[in-house]
Amino acid sequence: MNKQKMKINGERLKNALEKFADFGRTKNNGVTRLALTEEDRLARDYLRSCFEELGLTVKVDDIGNMYGTLEGIENKPPIVIGSHIDTVKKGGRFDGILGVVAGLEVVRTLVDNNIKPNIPITVMNVTNEEGARFEPSLMSSGVLSGKFNKEAMFKSTDTDGITFGEALGSIGYAGSEENRLKEATAFLELHIEQGPILEREQLSIGVVDCVLGMVCYDIEVRGESNHAGTTPMGMRQDALFAANNVISEIRNKLSDIDDQLVYTIGRLNVAPNIHTVIPNQVVFSLEARHTDREVIKKVEQVIHQLPKSEGVLQEGCEARVNKLWERDTVWFDKELCRLFEQSARELGYSYKRMVSGAGHDAQFLQSYIPSAMVFVPSINGKSHVESELTKWEDCEKGANVLLETVLSMIS
């Protein structure tokens, strides 16, 4: 048998993706399947039935992570293929779930061809990757890797005051700590790109070298409120005008640092937020992402100079900066990346090495398990929206790269 020519069943992959989309499908053909909701429970129940139908050993750990394992000839740490099945509100049909369903399809293909692997193969559903209902994102992979404290995570609440721990128990997926993923030969994650690069360059596969490092700050500008109609312009301490000056300064200075630097002001709160009152406080977020820690340091130097900015002082205001959090660039396992690249090449798929600006569970798991990721194109670069779309043939190609890589590892 020529392993290079073995392929997954594309129609079966498509049908499985559409079946999972039914658990929370929206009227605009997106999906709302927040972590530990009824929609999540139904999707989990269906995934469990798929595992059982294949004769896989099914386990659930204490954080709700699900594992379906095809036993190997040798009792070695498994090759784990996985991602997440939770979504954001009014998200898409491919984000996260593609990686789980592709893992399922890899195992189905092995079973179809009567291949019993030397190494066990595990398909994994990682709980609450999105953090859309319970913050933070990457919650369960964070607990597994020791980044987050389980007790603290179980106290995280949604907008209704329900805790993560309560919700996990209510859907019946609170398992045993002994079932946690403690070691593995590899963790492989297929994901949509969530960006425009692969489509723009007309490529089928992205082999992901790393997840970008980033830093996030809150910047507060303080002024003084007064009546909007009676206070002369020259006698105002308008926090919003000052914040506008600062934002312009940020854009000018950061744009000169490095062409690959990306930065976003994604949240802005104005107080008292009344049209007849001069704003006395503006707080906005600033996050920046880059592979090189030295570039991030230059960003921070700009940020820490903002309180002395002429744009603040000329308005008679003051500014403060508060660092919320940061992460270093996470580089994936070089050998696994090489195998992904080799698989794409042998399958005749166009590909490139690239970076991920978005966070994924694989970045946390890489801290104790050799991990790597593959991207497939997102049409118009869209994700976390109902119009999120990846071509079926690209989904199939991504799953074939997973299969080819697994075959090379178990032969």
Side-chain angles (χ1 to χ4, degrees), residues 88 130-139 142 147-148 152 155-159 161 212-258 261-290 292-329 357-359 384:
V88 298
E130 295 289 2
R133 183 183 178 195
F134 301 102
E135 293 184 348
S137 58
L138 310 182
M139 181 184 283
K147 310 291 185 184
F148 300 145
K155 293 176 182 177
S156 177
T157 59
D158 65 9
T159 55
L212 294 183
M214 65 180 295
V215 67
C216 186
Y217 277 77
D218 261 350
I219 298 169
E220 179 187 15
V221 179
R222 282 190 172 273
E224 184 176 286
S225 285
N226 213 329
H227 196 289
T230 62
T231 309
M233 297 303 294
M235 298 179 66
R236 297 183 179 209
Q237 294 173 267
D238 190 315
L240 184 54
F241 282 173
N244 181 62
N245 296 337
V246 170
I247 289 170
S248 295
E249 184 173 346
I250 288 169
R251 187 169 187 181
N252 289 335
K253 290 188 174 181
L254 296 192
S255 64
D256 292 335
I257 292 178
D258 190 279
L261 175 69
V262 293
Y263 51 91
T264 305
I265 294 172
R267 181 181 67 245
L268 187 147
N269 295 310
V270 180
N273 206 28
I274 301 170
H275 75 92
T276 57
V277 180
I278 298 167
N280 67 357
Q281 182 192 48
V282 176
V283 180
F284 62 91
S285 64
L286 172 62
E287 67 154 50
R289 308 186 188 211
H290 197 277
D292 189 344
R293 179 60 192 158
E294 292 305 310
V295 172
I296 296 296
K297 285 182 179 179
K298 291 180 181 179
V299 172
E300 293 191 272
Q301 289 171 2
V302 170
I303 292 172
H304 285 290
Q305 288 299 313
L306 294 177
K308 303 174 185 178
S309 161
E310 182 180 339
V312 173
L313 300 178
Q314 71 185 13
E315 302 291 348
C317 296
E318 62 179 26
R320 301 174 184 173
V321 299
N322 177 37
K323 190 173 186 175
L324 300 180
W325 57 281
E326 66 180 339
R327 73 174 187 224
D328 290 331
T329 295
H384 282 189

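None of these values were measured; they are calculated from a predicted model.
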Inset, instruction - Using ring pair (Phe, Tyr, Trp, His ring centres under 6.0 Å) as the criterion, list what pairs up with Y217, not counting sequence neighbours. - result: H304
Legend entry - Pairing residues for F241 by the ring pair (Phe, Tyr, Trp, His ring centres under 6.0 Å) criterion, not counting sequence neighbours: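 Here no residue qualifies.
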Testing the basics here: between [X] and [Y], what is the closest heavy-atom pair and its distance to 0.1 Å?
X    : Y    : answer
T329 : G213 : OG1-N, 2.9 Å
E315 : G311 : CG-O, 3.6 Å
G316 : Q237 : O-NE2, 2.6 Å
E300 : V215 : OE2-CG2, 3.8 Å
R222 : A239 : C-CB, 4.3 Å
V221 : F284 : CG2-CE2, 4.4 Å

Once rounded to the nearest 0.5 Å, what's the spacing between atom [atom1] of [X] and atom [atom2] of [Y]?
X    : Y    : atom1 : atom2 : value
D218 : L324 : CG    : CG    : 4.5 Å
H227 : R236 : NE2   : CZ    : 10.0 Å
D256 : R251 : CG    : CZ    : 12.0 Å
L286 : L268 : CG    : CG    : 12.0 Å
I247 : N252 : CD1   : CG    : 12.0 Å

Inset, instruction - List the steps and the verdict of side chain to side chain contact (heavy atoms under 4.5 Å, CB included) for M235 and E224. - result: CA-CA 10 Å; M235 298 179 66; E224 184 176 286; over 6 Å; no
Inset, instruction - Carefully, step by step, assess E249 and E310 under the rule side chain to side chain contact (heavy atoms under 4.5 Å, CB included). - result: CA-CA 9 Å; E249 184 173 346; E310 182 180 339; 5.9 Å; no
Inset, instruction - Assess whether salt bridge (charged side-chain N to carboxylate O under 4.0 Å, His left out) is satisfied between K297 and E294, documenting all intermediate values. - result: CA-CA 5 Å; K297 285 182 179 179; E294 292 305 310; 3.4 Å; yes
Legend entry - Those residues that, when tested against V295, pass side chain to side chain contact (heavy atoms under 4.5 Å, CB included) (two or more places apart): I257, D258, L261, H290, D292
Legend entry - Residues which pass side chain to side chain contact (heavy atoms under 4.5 Å, CB included) with S137, listed by chain and number, not counting sequence neighbours: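 If we apply the side chain to side chain contact (heavy atoms under 4.5 Å, CB included) test to S137, skipping adjacent residues, there are no hits.
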[X] side chain vs [Y] backbone, donor-acceptor pair below 3.5 Å:
X    : Y    : result
R267 : V283 : no
S248 : N244 : yes
R327 : L212 : yes

Inset, instruction - Would you mind telling me which of L306, V282, I265 makes a side-chain contact (heavy atoms from CB on, under 4.5 Å) with V246? - result: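 Of all the options given, the one that passes is L306.
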Legend entry - Any V302 side-chain heavy atom under 4.5 Å of Y263 side chain: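 With C-beta onward as the side chain, the pair stays apart.
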Inset, instruction - Could you tell me whether E135 atom CD has more than 12 heavy atoms of other residues or ligands within 6.0 Å of it? - result: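 Count not over threshold, so no.
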Inset, instruction - For E326, check salt bridge (charged side-chain N to carboxylate O under 4.0 Å, His left out) against everything at least two apart and list the hits. - result: R293, K323
Side-chain donor-acceptor pairs of residues 269-281 under 3.5 Å, sequence neighbours excluded:
| residue | atom | partner | partner atom | Å |
| --- | --- | --- | --- | --- |
| N280 | ND2 | S225 | OG | 3.4 |
| Q281 | NE2 | E220 | OE2 | 2.7 |

